Colleague: 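Pasting a structure here, questions to come.
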Protein chains: 4
Amino acid sequence: MCRTPPPAGRKGRPRSLEADAAILSATREALVDLGWSKLTMGDVAARAGVAKTTLYRRWAGKSELVVDAVAVLFDELELPDLGSLAADVRGVVLQFAALLERPEARTALMAVVAESTRDEALRARIRHAIVDRQKRLVLEGRRRAQERGELPYEADESAASRTADLIFDVVAGAVVHRSLVSAEPVDGEWARAFTGLLLGGLTAPSPG
Amino acid sequence: MCRTPPPAGRKGRPRSLEADAAILSATREALVDLGWSKLTMGDVAARAGVAKTTLYRRWAGKSELVVDAVAVLFDELELPDLGSLAADVRGVVLQFAALLERPEARTALMAVVAESTRDEALRARIRHAIVDRQKRLVLEGRRRAQERGELPYEADESAASRTADLIFDVVAGAVVHRSLVSAEPVDGEWARAFTGLLLGGLTAPSPG
Amino acid sequence: MCRTPPPAGRKGRPRSLEADAAILSATREALVDLGWSKLTMGDVAARAGVAKTTLYRRWAGKSELVVDAVAVLFDELELPDLGSLAADVRGVVLQFAALLERPEARTALMAVVAESTRDEALRARIRHAIVDRQKRLVLEGRRRAQERGELPYEADESAASRTADLIFDVVAGAVVHRSLVSAEPVDGEWARAFTGLLLGGLTAPSPG
Amino acid sequence: MCRTPPPAGRKGRPRSLEADAAILSATREALVDLGWSKLTMGDVAARAGVAKTTLYRRWAGKSELVVDAVAVLFDELELPDLGSLAADVRGVVLQFAALLERPEARTALMAVVAESTRDEALRARIRHAIVDRQKRLVLEGRRRAQERGELPYEADESAASRTADLIFDVVAGAVVHRSLVSAEPVDGEWARAFTGLLLGGLTAPSPG
DNA sequence: CGGTAAACGAGACGGTACGTCCAGTCTTATT
DNA sequence: AATAAGACTGGACGTACCGTCTCGTTTACCG
């Protein structure tokens, strides 16, 4: 969890594990109270009962810290088997939307992505800590749909991977855009309509 | 373009129109050079050859200024008639992707959205200056498809509006997510695949 | 008094004169309360009701600030005509000793001299702000003694100057050393003994 | 030399004697390189190849450490018999001046005196480690002069002590002030003039 | 000669101050 | 009244040291 690792040798006083947990927790708390742009390293340190130096010894900056702090939220995403591909899609859409309702995720997610547009290392960190955690849901959903016979098994490995990436971008992008850019609720109705579009396409008869 | 209007009375020296243009242009330039988070009001003022006071007389802060500065980029989006709904979708996807390749848009867009999660007025400004400019492309595209007979006319006005919003979130969200979050290129191949998914749905035979 | 002068042009808001006075006064106050080594720029700023930036805009650092702050104390030194050279010497010794009893001078003087051993600019500043203010007392005392006929007029200008410098170093050095290094009181008795030594020399019969 | 003594019991590993020497030597080295105010405990520890803890186990702080480090320099002062009181005075003046030319003494001496103005324990330490080492030269010089018949034997013990203290403050103070405050060289010429003043007094015919 | 108590190196820790930077406001004189 | 210039308050930044602490390791003495 702590990303700037201690120097190779294992001499000297070891880093406090409690401090790590306290810092990440304090970061989430500060995100809720203050939002991304008003969150300060000093404030996080104070909330965590830790010196500023301790923060900087472990994280290079605000962005890195926040990525790690919100990453755990994405671990909570699950894909309970709801019996059909459509139900699974609706389920994951609503779960992801619920996550984006949480103020700490809401304010942090776009901010770190914005920051990452000029910082390759941060982009990699986001991919590892957040994106990959979401993408596994897509892969799991496809596997289930294939077992149910709702989707064909794809022979071409790389084509399959491309399709999964596409679907991931469409699902995650649509939910994020609806929630944060359009600032409209992602409710059951919208999830149903989106699922219909995703599965049936625009030219299909609407699922009414 | 200048959002904080001059006080009612029209006595005294009028605001310089050249200053407005110079400031917005300097803002875009600074976004390219520095990115959102390192852009400062003082730097913009210096680039524009203008005093800081002049900036603050016209914009409330960095977010508002940047929204206005990048808004004009979205005016360049057009929807040339490419002869079919699929072609039109591919065209708009590629145009939007090209816009997101521009560093000033890339770094600014997510940042102001992130900022807007805790600022209702900013959200409204974004909607008016950016989102609405994009959404008209969806409406125009639908109109054309209906004229071509590719899509039915929708009797229920509000249902039609909901559908347009959905499609807008799917298209814009997918492109943004692919480009900024997944950090993968939005090229002709991806646009074709996405268009196939959007029109035909996930369960349809792929358009290969 | 303010040593880092504003940039040449006289455009823009002028520097606050009250701030200068408040800062120097706050510096002396802080010296009394905290001593040289515990005095901090932030504390001085807070006492003066001024932002730290304002301090740094005017003084390069703690040393420069303190030199200017204590310089005014040396303006208070005077040489009232006590009727004889011996009385004048005793008078100036006691005055200087009284100055060194003041905690702000006591703690600051040696500190800035110590600092100046590795800083030529600081040394020049001390000379101008402090040393020269003291040295004029020696010159004035000699002039009076010459008028009274207690000392001969010296024909050789440069020899006279060297002698004045020597006497200055002896008087100031002895008082400072007694007061700060030996940490013994400079009282009337000591002043009398010192004056006797200075005027009559070590081999003369003591003036008891 | 090491001032914070080990706890009473003499079990366990004894303190390293080499460490003591290495630390004091490293301190002098750091004084030369960095001066008093930029010298840090961590740097001294690193130069001495020793952990910071080892420093703090032996000295309470920077001031105490530096006093001990420069104290040995004052042991080098000697009073070779030059045949007359005047020659002895000139000799000691030049020796002391040579000491003050050494950068480690130059930067440290005034600094620790400044520090001691608010620290009684430090003052005592300076007196013991430095001042007393100098004062014995005065006592020795007087004894010789008395043996030569240049100075009378003083019957009153306490008056004799007071006179010795006075002379010490005058000699040491004048040299320090000339060297560090006036920042002028203490050369043979100055030493001769000073000795003339000290022995013959201001009103005596100059020794030309 | 093996146990033990203290010294030791390494480095993390809570603090404090640093000197810089930027935000946003203000005070000038000028246009 | 708007402008350019620049000083102002306030606050966060990231760094450097301080002096303390907690480790694992070493080393002399003492039983």
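Residue numbers begin at 1 in each chain, while the letters A, B, ... track the order of the sequences. Keep in mind that what you see is a predicted model, and the values were worked out from it rather than measured.
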Colleague: In whole angstroms, how far is the P atom of E:dT16 from the CG atom of C:L34?
Modeller: 14 Å
Colleague: What is the distance from CG of C:L39 to C1' of E:dC18, rounded to the nearest Å?
Modeller: 13 Å
Colleague: Working to the nearest 0.5 Å, report the span between CH2 of B:W59 and CD of B:E64.
Modeller: 11.0 Å
Colleague: From CH2 of C:W59 over to P of E:dC18, roughly how many Å is that when rounded to an integer?
Modeller: 15 Å
Colleague: Could you give the CD1-to-C1' distance, from D:I23 to E:dC8, as a whole number of Å?
Modeller: 11 Å
Colleague: Got a list of protein N/O to nucleotides 21-24 of chain F N/O distances below 3.5 Å?
Modeller:
from   : atom 1 : to    : atom 2 : distance (Å)
F:dC21 : O2     : A:R13 : NH1    : 3.1

Colleague: Is the side chain of A:R125 donor-acceptor paired with the backbone N or O of A:V67 at a distance under 3.5 Å, no angle test?
Modeller: no
Colleague: Just by distance, do the side chain of C:T107 and the backbone of C:W36 share a donor-acceptor pair under 3.5 Å?
Modeller: yes
Colleague: Give me the bend of the helix from E:dC1-F:dG31 to E:dT31-F:dA1, using the axes of the five pairs at each end, rounded to 10°.
Modeller: 10°
Colleague: In whole angstrom, give the distance that lies between atom CG of D:L55 and atom C1' of E:dA7.
Modeller: 14 Å
Colleague: For C:L17 and D:A60, find the nucleotide of DNA chain F closest to each by heavy atoms; which residue's nucleotide sits nearer the 5' end?
Modeller: C:L17
Colleague: Can you tell me if A:K62 uses its side chain to pair, donor with acceptor, with the backbone of A:T40 under 3.5 Å?
Modeller: no
Colleague: Residues from residues 40-47 of chain B sitting under 4.0 Å of DNA chain E, heavy atoms only?
Modeller: B:T40, B:M41, B:G42
Colleague: To the nearest 0.5 Å, tell me how far D:L65 CG sits from D:L39 CG.
Modeller: 7.5 Å
Colleague: How long is the line joining CD of B:E18 and P of F:dA4, in whole Å?
Modeller: 11 Å
Colleague: Is C:E29 paired with C:R47 through a side-chain N to carboxylate O contact shorter than 4.0 Å?
Modeller: yes
Colleague: Using a cut-off of 4.0 Å on non-hydrogen atoms, how would the nucleic acid contact of C:G49 be classed: base, sugar-phosphate, or nothing?
Modeller: sugar-phosphate
Colleague: Nearest to the side chain of C:R57 - F:dA4, F:dT9, E:dC8?
Modeller: F:dT9
Colleague: Given 3.5 Å as the limit, does a donor-acceptor pair link the side chain of C:K38 with the main chain of C:L31, or not?
Modeller: no
Colleague: To the nearest 0.5 Å, what is the distance between CG on A:D20 and CZ on A:R15?
Modeller: 8.5 Å
Colleague: Taking the side chain from C:S116 and the backbone from C:L122, do they hold a donor-acceptor pair closer than 3.5 Å?
Modeller: no
Colleague: Roughly, in whole Å, what's the span from CZ in D:R58 to P in F:dG19?
Modeller: 17 Å
Colleague: Between F:dC8, E:dC13, E:dT25, spot the one nearest the side chain of B:Y56, thanks.
Modeller: E:dT25
Colleague: Has the side chain of A:R28 got a donor or acceptor atom that lies under 3.5 Å from a matching backbone atom of A:A69?
Modeller: yes
Colleague: Counting distance only, does the side-chain N/O of C:S25 pair as donor-acceptor with the main-chain N or O of C:A21 below 3.5 Å?
Modeller: no
Colleague: Nearest 0.5 Å, please: how far is CD1 in C:I23 from CD in C:E18?
Modeller: 11.5 Å
Colleague: Any donor-acceptor pair under 3.5 Å joining the side chain of C:K52 to the base of F:dG10?
Modeller: no
Colleague: Want to settle it: does B:K62 or A:T54 sit nearer the 5' end of DNA chain E, counting the closest nucleotide to each?
Modeller: A:T54
Colleague: Take atom CZ of D:R15 and atom P of E:dG9, then tell me their distance rounded to the nearest Å.
Modeller: 13 Å
